[in-house]
Amino acid sequence: MEQRVADLERSYRRVQVVAAVLTFILAIIALRPFIAGSDERVIRAQGIVLIDDQGRERILIGAPIPHAENRIRTDSARARQEWASRFPDADKYMGFYADYDHSMNGVLVLDEWGFDRLALGDPTPDPNVGRRLGPASGLQINDAKGFERSGYGLLSVDGVDRVVLGLDSNRGTEALTLAVLDGGRVGLSIGGDGETIFLGRAAGGDFVSGLDSAHTGLVIRRGDTVLYSAGSGARPR
């Protein structure tokens with residue numbers, strides 16, 4: 001009996017050794033594409049579409065990203081149904097919408113209904129409420145209906161770079177913006193209900209401060225009217 005137990009133990013150890021060797025060989029085969037010097041370690045593709053367990057397109061990767069049948073941004077009929085009715089003149093909105101840039105280079109995440117939810121790239125798409133002042137490189141986060149609610153990016157406008165962190169309202173309009181313009185405005189802007197609060201530094205004639213001359217401090221405006229200003233700078237226009 002003891003001899004049979006010993007034989008079984010030796011056989012079991014041999015099986016363990018064989019299994020370990022096979023595991024090592026399989027690991028080498030699996031890792032071979034990623035071993036330095038191997039031409040197979042790089043995946044080259046024009047685009048990648050990842051789908052969920054229901055077959056819906058959910059993640060688009062590419063330069064530019066591939067077309068997705070379920071994406072609302074590239075379906076004008078669905079765009080009209082979802083967004084145009086929110087505006088006084090649906091036809092006018094769709095006329096503007098025809099010129100929006102929906103493409104991007106990078107990664108786009110769609111929800112199950114086809115709304116853009118998160119975009120990371122260079123550039124990112126225009127918001128669904130208007131064209132950007134210039135191409136933006138960065139991160140864009142949208143709400144459940146595809147309206148941009150937050151973004152962080154670098155924009156180039158007329159040769160001037162702008163670094164902007166924005167939080168938007170549920171209508172896609174700016175609510176809070178932290179911006180740095182090369183050679184220009186630096187500050188925090190808070191908007192809503194027709195009023196704007198600006199805290200920072202701005203050159204004279206800057207549309208955010210509403211002041212004729214350079215200003216550093218606090219400005220409160222209602223529309224184009226300056227209600228209050230404090231700090232170094234000129235009086236309101």
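The residues of the chain are indexed from 1 along the displayed sequence.
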For Phe115, does its backbone N or O pair with a side-chain atom of Arg73 as donor and acceptor, under 3.5 Å?
-> no
Is the closest side-chain heavy-atom distance between Leu110 and Asn70 below 4.5 Å?
-> no
Apply side chain to side chain donor-acceptor pair (under 3.5 Å) to Glu195 and list each qualifying residue two or more places apart in sequence or on a separate chain.
-> Arg222
Nearest 0.5 Å please: distance from the CG atom of Leu165 over to the CG atom of Leu176.
-> 8.0 Å
Kindly work out whether a path of hydrophobic side-chain contacts (I/L/V/M/F/W/Y, heavy atoms less than 4.5 Å apart) joins Leu108 to Leu139.
-> no
Rounded to the nearest 0.5 Å, what's the gap from OG1 on Thr177 to CG on Asp168? Could you check?
-> 7.0 Å
Under the 3.5 angstrom rule, does the side chain of Ser229 hit a backbone N or O of Leu218 as a donor-acceptor pair?
-> no
Side chains of Asn105 and Pro123: does their closest heavy-atom pair fall under 4.5 Å?
-> yes
Looking at residues at least two apart in the chain, or sitting in another chain, which of them share a salt bridge (Lys or Arg N to Asp or Glu O under 4.0 Å) with Asp91?
-> Arg80
Do the side chain of Asp143 and the main chain of Arg149 share a donor and acceptor less than 3.5 angstrom apart?
-> no
Between Phe147 and Trp83, what is the ring plane arrangement, given parallel below 30°, perpendicular above 60°, and tilted in between?
-> perpendicular
Given side chain to side chain contact (heavy atoms under 4.5 Å, CB included), test Val163 with Tyr152 step by step and report yes or no.
-> CA-CA 8 Å; Val163 183; Tyr152 175 64; 4.0 Å; yes
Any idea which heavy atoms bring Ser189 and Val208 closest together, and the distance?
-> OG-CG1, 3.4 Å
Could you pull out all residues at least two apart from Arg162 that satisfy side chain to side chain donor-acceptor pair (under 3.5 Å)?
-> none
Closest non-hydrogen atom pair between Ile61 and Pro66, with its separation = O-CD, 3.3 Å
Closest non-hydrogen atoms of Ala119 and Met104, given as atom of the first, atom of the second and distance, are CB-SD, 3.8 Å
Any idea which heavy atoms bring Trp113 and Ile72 closest together, and the distance?
-> O-CD1, 3.8 Å
Give a yes or no on whether the backbone of Gln54 and the side-chain of Asp52 come within a donor-acceptor separation of less than 3.5 Å.
-> yes
Contacts of Lys145 that satisfy side chain to side chain donor-acceptor pair (under 3.5 Å) - sequence neighbours left out | Glu82
Would a distance-only check, ignoring hydrogens and angles, find a side-chain to backbone donor-acceptor pair under 3.5 Å from Arg117 to Asn142?
-> yes
Are Leu199 and Ile197 connected, step by step, through hydrophobic side chains (Ile, Leu, Val, Met, Phe, Trp, Tyr) whose heavy atoms are closer than 4.5 Å?
-> yes
Residues Val164, Leu155; criterion side chain to side chain contact (heavy atoms under 4.5 Å, CB included); working and verdict = CA-CA 8 Å; Val164 180; Leu155 293 83; 4.2 Å; yes
Does Val186 have any side chain to side chain contact (heavy atoms under 4.5 Å, CB included) partners at least two apart in sequence or in another chain, and if so, which?
-> Val180, Arg201
Of the non-hydrogen atoms in Arg132 and Pro125, which two are nearest, and what is the gap between them?
-> NH2-O, 3.1 Å
What's the spacing between Asp126 CG and Leu133 CG if we round to 0.5 Å?
-> 10.0 Å
Can you tell me how far CD1 of Ile51 sits from CZ of Arg58, rounded to the nearest 0.5 angstrom?
-> 11.0 Å
Of all heavy-atom pairs linking Ser150 and Leu167, the shortest is OG-CD2, 3.4 Å
In Å, rounded to the nearest 0.5 Å, how long is the span from NE2 of His102 to CG of Asp116?
-> 9.5 Å
Salt bridge (Lys or Arg N to Asp or Glu O under 4.0 Å) involving Arg221 - partner list, sequence neighbours excluded | none
Is the shortest distance from a Lys or Arg side-chain nitrogen in Asp101 or Arg131 to a carboxylate oxygen in the other one below 4.0 Å?
-> no
dist Leu118:CG -> Asp111:CG (nearest 0.5 Å) comes out at 12.0 Å
Flag, side chain of Asp212 to backbone of Gly204, donor-acceptor distance under 3.5 Å | no
Side-chain (Glu57) to main-chain (Glu69) donor-acceptor, under 3.5 angstrom | yes
Given the rule that I, L, V, M, F, W and Y join up when any side-chain heavy atoms are under 4.5 Å apart, are Phe198 and Phe207 in one cluster?
-> yes
Which of parallel (below 30°), tilted (30 to 60°) and perpendicular (above 60°) describes Tyr100 and Tyr93?
-> perpendicular
